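Each remark here refers to the structure printed beneath this line.
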Number of protein chains: 2
Amino acid sequence: MYTIKEVADKMEISEHTLRFWAKSGFFPFLKRNHNNIRLFSDNDLEWVKIVKCLRSVGTENKAIKKYIDLCIIGDSTIPERYEIIKTTKNKALQQMEELKKQLELLDYKENFYQNLIKNNLKDEWNPMNKSKPEEEAV
Amino acid sequence: MYTIKEVADKMEISEHTLRFWAKSGFFPFLKRNHNNIRLFSDNDLEWVKIVKCLRSVGTENKAIKKYIDLCIIGDSTIPERYEIIKTTKNKALQQMEELKKQLELLDYKENFYQNLIKNNLKDEWNPMNKSKPEEEAV
DNA sequence: TTAACTCTTGAGAGTTACTCTCAGTCAATT
DNA sequence: AATTGACTGAGAGTAACTCTCAAGAGTTAA
């Protein structure tokens, strides 16, 4: 059993966020001790993991709650949960592609600046820069 | 020259967001026509591109404004801009790793549900499920 | 054993970055 | 002349945190 702080450290999620998620109903089996303090079981950690996963792919909290509720309902909702996971996975793959594209731009910019620095900031008028250098030097 | 709607379509950013970014000072050279309507040049599109890139990697708007301002100041800020790009790139690479990790979990879940469905939802008591199936079936 | 320190709690205010609504302007079409 | 459609700014609304605060336990140090 783990305190909220331990879970926060272990999962790299702030205590605030964990409390917020708990209040949102994301950890339906989370128990408290006699002092009203939340104690996370290993099973609760699995819920934290899946919530973190869904959030990191941009799933809205409302949709996460829906998934959690489907889990609680039980086996009859397995096909629906399967669809949600598939959709989420596709979203993640799309994000991967987008991130790759942005990394290409960042690579380009990195090289661009590196060259300027290597040449002692003197090639302001390389082909990248047209009539008004300061407008182009994005 | 492009209207805000054309840019919105081309770049897959909402008009609202573009106006919000414009008001935030992210497009310092953006001009208007005689009817006060924003007209984006190809150069303005480059600014949209870099802002979209920085945002998609989670850079705060305040930090983006700072980068834009450095661009406007000119050549003396090249080393600083270079550092920003490098830091941003590292952040993007980290996000890539995180996304890969989450994709593994989603793959696992996908297979898990697929198996349940293939076996007509009958293997509720496979090793994944302990004493209380509904608590484990995350 | 009292004081200091740490961890936790809930309530609620504050923040970021949109996102949307609305009333109004303007140009072009019917 | 009336309608349509793109655009405008101001400002309200929203999601998901993020932070502050006062209060209450338990642990440790003098």
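Letters A, B, ... are given to chains in the order of the sequence lines, protein chains preceding strands, and every chain is numbered from 1. Bear in mind that the values here come from a model prediction, so they are computed numbers and not experimental data.
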Next on the checklist: More than 12 heavy atoms of other residues, nucleotides or ligands under 6.0 Å from NZ of B:Lys91: yes or no?
Outcome noted: yes
Next on the checklist: Assess whether a salt bridge exists between A:Glu104 and A:Lys101, defined as any Lys/Arg side-chain N lying under 4.0 Å from an Asp/Glu carboxylate O.
Outcome noted: no
Checklist entry - Counting side-chain heavy atoms from CB outward, which of C:dT8, D:dT8, C:dA27 is closest to A:Ile37? => result C:dT8
Checklist entry - Less than 4.5 Å apart, any side-chain heavy atom of A:Lys5 and any of A:Asp9? => result yes
Next on the checklist: Please report the distance, rounded to the nearest Å, between CG in B:Leu30 and C1' in D:dT8.
Outcome noted: 13 Å
Checklist entry - Should B:Glu15 and B:Arg38 count as an ion pair when the cut-off is N to O under 4.0 Å? => result no
Checklist entry - Within the structure, does a side-chain N or O atom of B:Asn35 lie under 4.0 Å from either OP1 or OP2 of C:dA27? => result yes
Checklist outcome for this item: In whole angstroms, the gap separating P of C:dC26 from NZ of B:Lys5 amounts to 22 Å
Checklist entry - So do B:Cys71 and B:Arg81 actually touch side chain to side chain, heavy atoms under 4.5 Å? => result yes
Next on the checklist: For DNA chain D, which residues of residues 88-95 of chain B approach it to below 4.0 angstrom with any heavy atom?
Outcome noted: none
Checklist entry - A:His34 has an atom NE2; how far is it from atom P of C:dT8, in whole Å? => result 14 Å
Checklist entry - For A:Ile37, what are the other residues in its hydrophobic cluster, where any two members join if their side-chain heavy atoms are less than 4.5 angstrom apart? => result none
With the criterion being N/O to N/O and under 3.5 Å, what pairs connect the protein with nucleotides 13-20 of chain D, and how long is each?
residue: D:dA16; atom: OP1; partner: A:Asn61; partner atom: N; Å: 2.9
residue: D:dC17; atom: OP2; partner: A:Trp21; partner atom: NE1; Å: 3.1
residue: D:dC17; atom: OP2; partner: A:Arg55; partner atom: NE; Å: 3.1
residue: D:dC17; atom: OP2; partner: A:Asn61; partner atom: OD1; Å: 3.4
residue: D:dC17; atom: OP2; partner: A:Asn61; partner atom: ND2; Å: 3.4
residue: D:dC19; atom: N4; partner: A:His16; partner atom: ND1; Å: 3.4

Item to check | Side-chain donor/acceptor of A:Lys52 to backbone N/O of A:Met11, under 3.5 Å | outcome: yes
Checklist entry - Given side chains that start at C-beta, do those of B:Leu116 and A:Tyr82 come closer than 4.5 Å, heavy atoms only? => result no
Checklist entry - Taking CD from B:Glu15 and C1' from D:dC7, how many angstroms apart are they, rounded to a whole number? => result 8 Å
Item to check | Whole-Å distance separating the CG atom of A:Asn36 from the P atom of D:dA23 | outcome: 17 Å
Item to check | B:Arg32 side-chain proximity, nearest of C:dG10, D:dC7, D:dG9 | outcome: D:dG9
Next on the checklist: Please find the pair of heavy atoms, one from B:Leu105 and one from A:Cys53, that lie closest to each other, and give the distance.
Outcome noted: CD2-CB, 3.8 Å
Checklist outcome for this item: From NZ of B:Lys23 across to P of D:dG9 the rounded distance in Å is 8 Å
Checklist entry - Between A:Arg38 and C:dT9, is there a side-chain N or O to OP1/OP2 distance below 4.0 Å? => result yes
Checklist entry - Below 4.0 angstrom from OP1 or OP2 of D:dC7, is there any side-chain N or O of B:Thr3? => result yes
Item to check | Atom-pair distance (NZ on B:Lys65; P on C:dT16), nearest Å | outcome: 15 Å
